Participant: 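Can you keep this structure in mind? I'll have questions shortly.
One-based numbering, in listed order, for ligands and for the atoms of each. Note that the structure is a prediction, hence the values are computed from the model and not measured.
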Amino acid sequence: MKAATLYESSVSSFKKVFNNPNPEQIEEIKKILKPLFKHIVENTILLHDLLSITEHDFSTYVHSVNVGIMATSLAINFSKSYEYIEMDELERQCYGFFLHDIGKAKVPIEILRKEGALNDEEWTIMKKHPEWGYTILMETGHLTDEAAYISMQHHERPDGTGYPFGLSDIHPCARICTIADIFDALELMKKEISTEFDNCLINTFITMLGPKNSPAYIEH
Ligand SMILES: [Fe+2]
Ligand SMILES: [Fe+2]
């Protein structure tokens with residue numbers, strides 16, 4: 001119950017922030033995220049509940065909350081297993097993850113909701129959302145170092161094929177965000193698949209890409 005309430009109130013306040021990304025709305029988001037962050041850190045059962053109720057649709061606010069939850073959990077678990085991260089830093093990362101796509105508030109809704117592929121002109125606009133996100137966070141006084149890296153670099157790729165700058169040196173917290181971002185898109189793709197056969201194909205595909213076949217696994 002508690003998990004569902006937290007999830008729903010986060011999604012509905014993200015609706016407001018995407019319609020009007022002003023300093024007060026972002027402050028409001030942080031107020032809601034503060035207890036959510038504490039619950040994710042302290043209570044793994046709640047995290048499991050949160051992940052089981054995440055919805056998948058094309059709206060940027062549902063996506064923001066899903067990526068926020070998954071990336072925060074990933075950062076916490078990574079910190080436990082590999083590289084210790086201070087709690088304050090994790091909290092700043094958490095706000096950055098939830099707000100990673102805030103720049104999409106400036107992308108016209110027809111482009112965000114368009115079914116099928118974007119044309120070149122639309123794609124050029126879409127690719128501006130990392131910089132627009134950075135600007136919104138700066139103008140509203142919410143630009144921490146972590147939020148800056150996450151908003152600017154979550155579409156950069158280590159091989160230099162990403163955007164907006166084609167960087168190869170990408171901050172770790174932006175990489176964490178990218179993993180959660182890709183996962184949410186994959187889950188959405190699964191929802192869009194209508195036949196049992198397609199579902200089998202995609203599950204096979206996910207398994208094929210799983211840890212057993214990854215170079216990291218072979219090396220260990
Ligand atoms: Fe994005
Ligand atoms: Fe995203």
Participant: Would you mind counting protein N, O or S atoms that sit less than 2.8 Å from the Fe ion (ligand 2)?
Facilitator: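 Counting protein N, O and S atoms closer than 2.8 Å to the Fe ion (ligand 2) gives 4.
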Participant: For the residue pair Y163 and W123, does the interplanar ring angle fall in the parallel (under 30°), tilted (30 to 60°) or perpendicular (over 60°) class?
Facilitator: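 Rings of Y163 and W123: perpendicular, as their planes differ by over 60°.
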Participant: Is there a donor-acceptor pair closer than 3.5 Å between any side-chain N or O of S81 and the backbone N or O of F78?
Facilitator: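 Pair absent, no side-chain N/O of S81 close to backbone of F78.
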Participant: So, the side chain of N22 versus the backbone of T140: is there a donor-acceptor pair under 3.5 Å, distance only?
Facilitator: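 Looks like no, no N/O pair under 3.5 Å.
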Participant: Is it the case that more than 12 heavy atoms not belonging to K34 sit under 6.0 Å from its NZ atom?
Facilitator: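 Result for NZ/K34: open.
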Participant: Under 3.5 Å, side chain of N19 to main-chain N/O of K15, donor-acceptor pair present?
Facilitator: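 It does hold such a pair.
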Participant: If you round to 10 degrees, what value do you get for the angle at the Fe ion (ligand 1) between H155 atom NE2 and H129 atom NE2?
Facilitator: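 NE2 of H155 and NE2 of H129 make an angle of 90° at the Fe ion (ligand 1), to the nearest 10°.
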Participant: Walk me through it: do H100 and H63 pass the test ring pair (Phe, Tyr, Trp, His ring centres under 6.0 Å)?
Facilitator: CA-CA 10 Å; H100 77 284; H63 169 73; 5.1 Å; yes
